[in-house]
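One structure is given below, encoded as C-alpha cells.
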Amino acid sequence: MNTKEIEIKWQKYWKENNCFKAINGSKKPPYYILVEFPYPSGAGLHVGHVRSYTAQDAKARMKRLQGYNVLYPMGWDAFGAPAEQYAIKNHIHPKEAVQANIKTFKGQMESLGFSFDWDREFSTTDPDYYKWTQWQFLKFYKHGMAYKATMPVNWCDTCKTVLSNEDAAGGVCERCGNPVVQKEKSQWMLKMSEYSEDLLKGLDDTNFADRVKLGQINWIGKSSGVEMDVDIVGGGKFSVFTTCIETVYGITFFVIAPDGKLVQELMPRIENKDEVNKYIEESSKKSAMDRTELNKGKTGVEVKGIKAINPINGKEVPIFLGDFVLGDYGTGAVMAVPAHDQRDFEYAKEHNLDIVQVIEGDVSTCALEKHDYLGKGIKLMNSEEFTGMTVEEAKEAITSKLEKLGIARRVNNYKMRDWIFSRQRFWGEPIPMINCPHCGWVPMNEEDLPLLLPDVAEYEPTENGESPLAKIESFVNCKCPKCGADAKRETDTMPNWAGSSWYFLRFMDARNQEEFASMEAMKYWQHVDWYNGGMEHTARHLLYARFWVQFLYNIGLVPHKEMIWTRVSHGMVLGSNNEKMSKSKGNVVNPDDIVNEFGADTLRLYEMFMGDYEQDAPWSTDSLKGCKRFIDKVIKLKDIMTSDDNYSKDLEIIQNQTIKKVTNDLDNMAYNTAVSALMILTNKYQEHQTITKKDYTLLLTLLNPIAPHITEELNEMIGNTPIVNFTWPKHDDNKIVDNTFTLVVQVNGKVRGKIEVETGISQEEIETIAKDLDNVKKFIEGKEIVKTIVVANKLVNIVVR
RNA sequence: GCCUCCAUGGCGGAAUUGGUAGACGCGAUAGACUCAAAAUCUAUUUCUAGUAAUAGAGUUCCGGUUCAAGUCCGGAUGGGGGCACCA
C-alpha cells in the first residue's frame, strides 16, 4: 500500500468536509484541547512536537466520536530573541523568516494528519493579534498594574545587548566570551506580586497534577514571618524579614545588599569606603544566581564605623555587605544568627564573628537550624525572659512583644517578584506608551491600536542598549495623545511571554475584530480542558498565563478566574544516544524523513508507544520498525475477514476489555498502554484464523485516533462509511470478566502455586483448594497456620510458622 | 546552592495504586520458508542451578512498616527539569 497516497487522500477528505471545525455555540458539549503553540524556528518541526501533537490529536479524535464539539487549535508563538538573532545573522527581516518558517511547520503538521481547526490559526506577530496584546497592556496600565522601575540587567558591553541569566552563566557572555556586567535599566513592570495570594488560592479551582501545583506554590514562595525595624547607631534604620524570630537574641551581625539603597545612604559615614566600593563593584559582575549559591555565600566586607542595634536587647552589632543578599528582593537586608543558620554560621567562621546560641542543642560544628529544632519541644536559652520557653511559645511571645513595642509586624513574604515586562529588542510587541515632556507617561488611545512594528530593516542592536526601535525616528517621534505636544514613544518591546499568556483565549474566538474574544464565546468553551506542553513551562509560562487571566477576570473581561483546567507535560524525545537532540551532536531525527520512509501513521503510533508520555524517551528506529510491523499485521487481518456482520462470540471479552482500556488510556494520556492493548487484540485476532467484519471494524475504530489514515483506508476498503462519522464504541461491564480466573496461592508471601478456578468462588473453597496443591502442602506440612488472607478473584496467602 | 521529578531485563517500557515483577514492543538465539538474502511465520529469552518439575536471588544502595513492598516510611547515591531577558 502506498502510504503517501493514502495520507494525502484522507487529509484532503477531512479538509474538504470540515471534519475538524469547532463550532462556537454548538449544542454538543464543548471540549477544548490545547497544545502549546510552537515557536516556528528555522529547524522545522521536531519529533518532540510530533509526540505531543499526536497525543492530543488522538484525544481530540476520540472525543469527537464520543459526541463532543472539540476545539483543537494551532497557532504560532513567533516573537522573540531567536528570530531576531536569526534575522541579524542572515540579514533577513524577522517577519520574512517567521513567515517562511510557519509555512514549513504548517506543511509538516498537515503531512502528519493532525486534526487542528486551521480556521482559527494565528501568529502572535499578526497585527490583528498583537493589537489585543497591546490593548490588554493598556488595561494593566490603566488599572495601576504596570509601572516603570529601575532594574539591574545582565549587560555585555561587547555585544551591546542584555543577556538572560543562561546566556550570562558564569559571568561571561555566551556569544563573545567577554565579562558580563550588571547594568541599571528603566523597565516596565507588571505588579504580579499583588496576585501572589490569589494565584495560590486559584490552584484550588484547577485540576493540575499535584506536582504542577507544587511547582506553582514554590515559585510563589509564600512564607509567614516577621518584619522588624533595626535602628542604626547615630541615626537611620532599616528593616529585615525573618521566619525565625525566635532566634532574635542570637543576632551577632546584619548583612545588607551591596546593590541596595541602604549602603549608598550610609556611604558618607562609612570609614572604609574604598573597600566597600570595591566589593560593590565586584558583586555587580555576578548574576543573582551566582550570588545566592550557598557555597559561594561567604564573601563580604564589614561596613566600618557603623553599628546596628538589636531591637530586642539593645546590643550593638556590626553590619556587613554580603552579595548573597539581593538589593531588589525582600528588604535588601537580613539578620544573621550564626548559631541557627548554616550560611550565617559559615559566614561568621569566615569573618571571625561571634556565635551566640539561643536554642538548646549542639552548635559546635554546624548550625542548629529550624528543621532541626521545630516541633520537638526544644527550649530557648540566652534569651532573657523567653529563656526556657519552647521554640513555638517563644516565636509567638517574641512576636507579640516586638509588635507591642511597635518595631515589628507579622507579614507574609512572597518570593514571587513583579514581572519585568520590557525588552530592549526589535522583534516583540511595541509597548503602546508615549513619554510626553509635559504629561509624563501617557497611554496610547485604544482606537489607535495596533501600534505597528515599523517595517524597516534596522533591527541591529544599538550602542547604548536601547531597543533598536530607538533609532527609528519615524517610530519614536509622535504627538502626546493628551496635550498634543511633541512626544516620544516607548521603544522597548514586550517579552515573548506576553503573547503566550492569553492565546488560548483568542482561540475561543479567533476571528473577532471587535474584542480579543467575546464573553459569549469564552462562556461557551468555559476553559481549556487539557493543556499540554513541555515540563520546562509548567512553572513560569503557566503562572504568567494564570496571572494574566486573573487580572482580566478582575476587570470583568473573562468569565472565570482560572481558564485552564488540567495541565499535562510531555517528556522529551531524546536522540538514540539518550541525549537531547541537537545539530552539534548529530542525533537529530527529522519527522519528514520518517513520514516519507515509514508513513505518518507509523511515526504517530511509534511516538505514542515509545514510553510513558510524561517521561523522556530516546529515539529508536528499531522500535519504530516494530510499529510498522504492527500496522502491516492490521492490514493483513483483512485477508482473514469474513462478511459476517456480528462480533465473534469468543472474542467478546478481549474486545470489551480493549474498548475499556483504550478509552481510559486515551483519556488519561496513557498512550503506550493503549497501543499495547491494541497489539494484544490484534494478536488475538491473528490467532483466531477468521474474524468478522464487525470484529475488524472495531479494531480499526479503536486504532483510528492514533493511526487515522490507514484505518480510514482499510475501513473504506471493507465497505464502511468513514470512521470520522462513527460513534466511539462503549464497553459492556458484563462482558469484561471471564468466568474463571487464575488463583495465585502464596505461602508466607511467596508464590507456591497457581490454579484456574471459577470466578466468585467462596473464601472457604479457595482455602481448601489452595491447601490441597502438592507444592503448597510441601511448605505448610508440619507447620502451624497462623492466618489465611484471601484477596477476591486474585490470590490467597497462607501464613505459617 | 534551592525547589522538583525520576531510577525496573541486553534496550524502550508494563504492573488495575500494597496483592503473580518483567505485559506489549525492540534486540538476540534456534527453527520453518528460500538457491540465497530480505520479508514473514514458530519457539526460547531477568539471573543462577537443573533435561524438567522446581528451588534460590532479583525493581540503584542501606534500613523500616506489613501476612504481602517496584509501590508506603526514613536515609544515601545517580540522573532530568526549573531558578525570573532562551521559549
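Predicted, not measured: the structure shown is a model, and the values here were computed from it.
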Pair of N/O donor and acceptor under 3.5 Å linking C85(B) base with Q424(A) side chain: yes
Geometric cation-pi criterion R567(A) and Y531(A), 6.0 Å radius, 45° cone: yes
Sugar-phosphate only, base, or nothing, as touched by Q746(A) at under 4.0 Å among non-hydrogen atoms: base
Position toward the 5' end of RNA chain B (nearest nucleotide), G626(A) or W497(A): G626(A)
Nucleotide nearest R540(A) when distance is taken to its side chain, options U54(B), A87(B), U4(B): A87(B)
Any K415(A) side-chain nitrogen or oxygen under 4.0 Å from OP1 or OP2 of C3(B): no
Y39(A) side-chain proximity, nearest of A87(B), C41(B), A84(B): A87(B)
Base C3(B) paired with Q216(A) side chain (donor-acceptor, <3.5 Å): no
Syn/anti state of U77(B) by chi, 90° boundary around 0: anti
For G78(B), the Watson-Crick or wobble counterpart (both distances under 3.5 Å): C6(B)
Euclidean distance for C1', A49(B) against G63(B) (whole angstrom): 31 Å
Minimum-distance nucleotide (side-chain atoms of V153(A) versus C85(B), G82(B), U20(B)): C85(B)
Listed nucleotide nearest any side-chain atom of N775(A), set G81(B), U54(B), G27(B): U54(B)
Phosphate OP1/OP2 of C11(B) contacted by N578(A) side-chain N/O (<4.0 Å): no
Sugar-phosphate, base or nothing in reach of F779(A), heavy atoms under 4.0 Å: sugar-phosphate
Protein-nucleotide distance (D665(A), atom CG; A23(B), atom P), rounded to Å: 17 Å
T673(A) side-chain proximity, nearest of C85(B), C26(B), A14(B): A14(B)
Assigned partner base of A39(B), Watson-Crick or wobble definition, under 3.5 Å: none
Any K754(A) side-chain N or O less than 4.0 Å from OP1/OP2 of U20(B): no
Between P of U20(B) and CG of N748(A), the distance in whole Å: 17 Å
Sugar-phosphate, base or nothing in reach of P495(A), heavy atoms under 4.0 Å: nothing
Sugar-phosphate, base or nothing in reach of S422(A), heavy atoms under 4.0 Å: base
Shortest side-chain distance from K750(A), nucleotide among U54(B), A57(B), G12(B): A57(B)
Protein-nucleotide distance (R423(A), atom CZ; A84(B), atom P), rounded to Å: 12 Å
Identified pairing partner of C83(B), criterion: Watson-Crick or G-U wobble below 3.5 Å: G1(B)
Sugar-phosphate only, base, or nothing, as touched by R801(A) at under 4.0 Å among non-hydrogen atoms: nothing
G9(B) glycosidic torsion: syn (within 90° of 0) vs anti: syn
Side chain of Y544(A) (C-beta onward), nearest among A84(B), U40(B), A23(B): A84(B)
Close side-chain approach of P38(A) and W76(A), heavy atoms under 4.5 Å: yes
Donor + acceptor pair across side chains of T673(A), D665(A) (<3.5 Å): yes
Sugar-phosphate, base or nothing in reach of D612(A), heavy atoms under 4.0 Å: sugar-phosphate
Ring center gap for W427(A) and Y86(A) short of 6.0 angstrom: no
Sugar-phosphate, base or nothing in reach of V751(A), heavy atoms under 4.0 Å: sugar-phosphate
Residue pair Y53(A) / L45(A), side-chain heavy-atom distance below 4.5 Å: yes
Sugar-phosphate only, base, or nothing, as touched by Q187(A) at under 4.0 Å among non-hydrogen atoms: base
Residue-phosphate contact under 4.0 Å: R629(A) side-chain N/O, G25(B) OP1/OP2: no
Closest to the E536(A) side chain, choosing from C85(B), G81(B), A14(B): G81(B)
Base partner of A28(B), which must satisfy Watson-Crick or wobble distances under 3.5 Å: U44(B)
Sugar-phosphate, base or nothing in reach of I789(A), heavy atoms under 4.0 Å: base
Base-pairing assignment for C72(B) (Watson-Crick or G-U wobble, both under 3.5 Å): G64(B)
Donor-acceptor pair present, H537(A) side chain and A87(B) base, under 3.5 Å: yes
Nucleotide nearest R425(A) when distance is taken to its side chain, options G13(B), G81(B), C85(B): C85(B)
N/O (side chain, R752(A)) to phosphate O (OP1/OP2, A55(B)) under 4.0 Å: yes
N/O donor-acceptor pair, side chain D622(A) with base C26(B), under 3.5 angstrom: no
Candidate list F547(A), W497(A), Y544(A), Y129(A), test ring pair (Phe, Tyr, Trp, His ring centres under 6.0 Å), partner W502(A), passing option: Y129(A)
P-based separation of C26(B) from G79(B) [nearest Å]: 32 Å
Partner of F79(A) under ring pair (Phe, Tyr, Trp, His ring centres under 6.0 Å), chosen from Y503(A), F37(A), Y130(A), Y39(A): Y130(A)
Nearest heavy atoms of L666(A) and A674(A), plus distance in Å: CD2-CB, 4.3 Å
Note, T538(A) side chain near H541(A) side chain (heavy atom, < 4.5 Å): no
Sugar-phosphate, base or nothing in reach of S620(A), heavy atoms under 4.0 Å: nothing
Distance, rounded to the nearest Å, where D210(A) contributes CG and U4(B) contributes C1': 13 Å
Distance, rounded to the nearest Å, where L574(A) contributes CG and C6(B) contributes P: 17 Å
Along RNA chain B (nearest heavy atom to each residue), the more 5'-positioned of M679(A) and K794(A): K794(A)
Sugar-phosphate only, base, or nothing, as touched by V799(A) at under 4.0 Å among non-hydrogen atoms: sugar-phosphate
Atom C1', compared across C6(B) and U44(B): separation rounded to whole Å: 33 Å
Separation of atom CH2 in W427(A) from atom P in A87(B), rounded to whole Å: 13 Å
Nearest-nucleotide pick for F609(A), side chain only, options being A14(B), G12(B), A84(B): G12(B)
Contact check, side chains of I635(A) and L637(A), non-hydrogen atoms, under 4.5 Å: no
Short side-chain N/O contact to G12(B) OP1/OP2 from N672(A), under 4.0 Å: no
